[in-house]
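Taking it in order: structure first as structure tokens, then the write-up.
Both counts, for ligands and for their atoms, begin at 1 and track the order of listing.
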Amino acid sequence: MTTPDEPLVLGIETSCDETGVGIVRGNTLLADAVASSVEQHARFGGVVPEVASRAHLEAMVPTIQRACDTAGIQLSDVDAIAVTHGPGLAGALLVGVAAAKALALSLGKPIYGVNHLAAHVAVDQLEHGPLPEPSLALLVSGGHSSLLRVTDITGHDSGVDPMGATIDDAAGEAFDKVARLLGLPFPGGPHIDRVAREGNRVAIDFPRGLSSRRDLERHRFDFSFSGLKTAVARWVEARERAGEPVPIADVAASFQEAVCDILVRKALDAAASEGIEDLMIGGGVAANSRLRAMAQERADRLGIRVRVPRPGLCTDNGAMVAALGSTMVSRGRAPSSLDLPADSSLPVTEVLAG
Ligand code: KG4
Ligand code: ZN
């Protein structure tokens with residue numbers, strides 16, 4: 001149900017290879033238009049920044065139009081524009097920020113420059129209603145893996161507080177690198193997820209990073225995935241050297257199990273240590289079917305509630321930006337200045353641009 005006094009917010013996302021335009025009223029999703037340039041990057045095995053920026057430029061106006069058509073609104077109906085202003089690829093971010101500024105200026109509406117990572121958390125409100133505060137957020141994407149204590153999703157008063165993060169590769173990066181090693185296409189996460197369904201997840205006991213007693217003393221809530229990636233590479237190489245076939249499904253399933261095990265274990269430990277009863281999982285890797293099932297199963301045993309958006313809202317999209325923008329408006333946060341920058345290395349603690 002939407003009520004006309006809730007803010008109508010258009011959100012723009014261009015931090016990586018998805019041009020996303022979302023429209024929300026309050027916490028109700030009205031449109032989620034995404035144009036992806038992923039196919040243009042696939043043959044390079046990773047996102048090529050210049051190609052992504054050009055694709056954003058080409059897709060921006062048609063994607064805005066498509067979102068407005070789906071929502072059944074005119075641009076002039078919008079109360080505020082929200083845009084990802086970091087972190088991400090500098091050139092890609094610039095396209096979204098420039099488009100948002102042009103809209104805000106021409107429509108005479110406020111602009112909210114928001115943090116991509118916080119938006120991955122805020123998006124869940126579109127499906128499950130206002131985020132309980134405090135919540136413990138496990139944020140797992142292609143570029144980041146963090147545990148966040150969220151007391152105010154708008155970032156007010158240290159509202160998004162990092163408890164731990166990866167010390168090397170991000171979880172999504174590990175999925176992409178292992179997929180490549182197994183000859184699966186880019187981006188690898190969804191392919192590993194699919195192939196793993198046919199495999200045995202206890203076939204190979206891959207290492208769980210930063211889980212030894214000694215590591216836990218210094219890195220209780222941090223992650224490390226580069227050792228796991230190397231372990232998978234060594235295991236596959238040994239098979240190939242021996243002239244034996246590589247059981248791709250078993251490797252994928254066992255690798256996925258190792259990643260999910262450590263993510264869920266540390267997230268639940270962090271929640272318990274803070275006395276927090278709500279765990280939110282966001283970012284592209286939250287689309288992973290095993291991660292979702294394992295988190296639910298283990299959290300149930302501890303009486304912790306789990307919120308994970310549907311897979312389409314976990315990967316990059318504009319709705320997440322609109323969702324966070326809408327929260328900013330309803331909580332009366334001051335909009336950003338029209339000269340807000342694109343900031344490729346924006347820290348997660350800076351949720352709203354000044
Ligand atoms: O959040 P996202 O769309 O973009 C970034 O902000 O990085 O995350 C992309 C990452 C990629 O590494 C991709 O392989 C991973 O999310 N991913 C998955 C799945 N779907 C996407 N990883 C594991 N299982 C999935 N089903
Ligand atoms: Zn993302």
When only distance counts, is [X] in polar contact with ligand 1, meaning an N/O pair under 3.5 Å?
X: Glu18; answer: no
X: Thr315; answer: no
X: Gly189; answer: yes
X: Phe175; answer: no
X: Pro187; answer: no
X: Asn288; answer: yes

For a quick check under 3.5 Å, do [X] and [Y] share a side-chain donor-acceptor pair by atom type?
X: Glu13; Y: Ser15; result: yes
X: Asp193; Y: Ser289; result: yes
X: Asp316; Y: His116; result: yes
X: Asn288; Y: Gln256; result: yes
X: Glu133; Y: Thr151; result: no

To the nearest 0.5 Å, what is the distance between [atom1] ([X]) and [atom2] ([Y])?
X: Glu237; Y: Thr230; atom1: CD; atom2: OG1; answer: 9.5 Å
X: Arg218; Y: Leu216; atom1: CZ; atom2: CG; answer: 12.0 Å
X: Ile281; Y: His120; atom1: CD1; atom2: NE2; answer: 14.0 Å

* Close approach, His120 and ligand 1, non-hydrogen under 4.0 angstrom -> yes
* To do: Check if Cys16 has a non-hydrogen atom at a distance under 4.0 Å from any atom of ligand 1.
  => no
* Considering all heavy atoms of both residues, which atom of Leu291 and which atom of Val264 are nearest to each other, and what is their separation? -> CD1-CG2, 3.6 Å
* To do: Search all heavy atoms of Ile153 against all heavy atoms of Val351 and return the closest pair with its distance.
  => O-CG1, 3.3 Å
* To do: Looking only at protein heavy atoms, identify the closest one to atom 3 (O) of ligand 1 and say how far it is in Å.
  => Asp316 N, 3.0 Å
* To do: Keeping waters out of it, list the protein N, O or S atoms under 2.8 Å from the Zn ion (ligand 2).
  => His116 NE2, His120 NE2, Asp316 OD1
* Asked: Should the proximity of His116 to ligand 1, defined as any heavy atom under 4.0 Å, be assigned to the side chain, the backbone, both, or neither?
  -> side chain
What atoms of ligand 1 come closer than 4.0 angstrom to any heavy atom of [X]?
X: Gly143; value: 7 (O)
X: Gly142; value: 5 (C), 7 (O), 8 (O), 9 (C), 10 (C), 12 (O)
X: Gly172; value: 12 (O)

* To do: State which residues pass salt bridge (charged side-chain N to carboxylate O under 4.0 Å, His left out) with Arg54; sequence neighbours excluded, sorted by chain then number.
  => none
* Structure fact -> Of Thr84, Asp176, Asp193, the one whose closest heavy atom lies nearest atom 12 (O) of ligand 1 is Asp176
* Asked: If you measure from atom 17 (N) of ligand 1 to every heavy atom of Ala174, Ala179, Gly284, Ala286, which option wins on shortest distance?
  -> Gly284
* More than 12 non-hydrogen atoms from neighbouring residues, nucleotides or ligands closer than 6.0 Å to CD on Glu198, yes or no? -> no
* So do the side chains of Val150 and Met280 get within less than 4.5 Å of each other, counting heavy atoms only? -> no
